[in-house]
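Data first, discussion second: the structure below is written as structure tokens.
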Amino acid sequence: MEKGVVINAASSKKAVAKPTEKNTVAEIKAYLSENGIEFASSAKKADLLALV
């Protein structure tokens with residue numbers, strides 16, 4: 001197997017930065033879900049960011 005193929009396969013997963021105040025509630029919720037962090041569906045932006 002070529003090294004370039006392994007590197008490309010490993011880097012195919014997109015790295016997602018931690019959300020900030022600039023992100024939307026939907027983006028923050030998506031980040032939390034992708035990282036297995038539970039949250040209330042009615043949570044406000046500040047509450048969601050506190051979980052990050």
Side-chain angles (χ1 to χ4, degrees):
M1 195 179 309
E2 294 181 30
K3 289 182 182 179
V5 173
V6 173
I7 293 170
N8 289 338
S11 64
S12 65
K13 185 172 183 181
K14 184 179 176 183
V16 179
K18 287 186 177 182
T20 66
E21 277 290 328
K22 293 180 180 182
N23 292 94
T24 65
V25 170
E27 291 170 336
I28 299 167
K29 286 182 176 182
Y31 173 87
L32 294 172
S33 294
E34 289 171 6
N35 288 281
I37 302 169
E38 294 183 13
F39 56 90
S41 60
S42 61
K44 303 290 183 207
K45 187 177 204 174
D47 298 325
L48 296 170
L49 287 172
L51 297 173
V52 176

Could you list the residues that satisfy side chain to side chain contact (heavy atoms under 4.5 Å, CB included) with Thr24, not counting sequence neighbours? Ala26, Glu27
Show me the side-chain donor-acceptor pairs of residues 43-52 shorter than 3.5 Å, one per line, residues at least two apart or across chains.
from  : atom 1 : to    : atom 2 : distance (Å)
Lys45 : NZ     : Glu21 : O      : 2.7
Lys45 : NZ     : Asn23 : O      : 2.8

Roughly how far, to the nearest 0.5 Å, is CG of Leu32 from NZ of Lys18? 11.0 Å
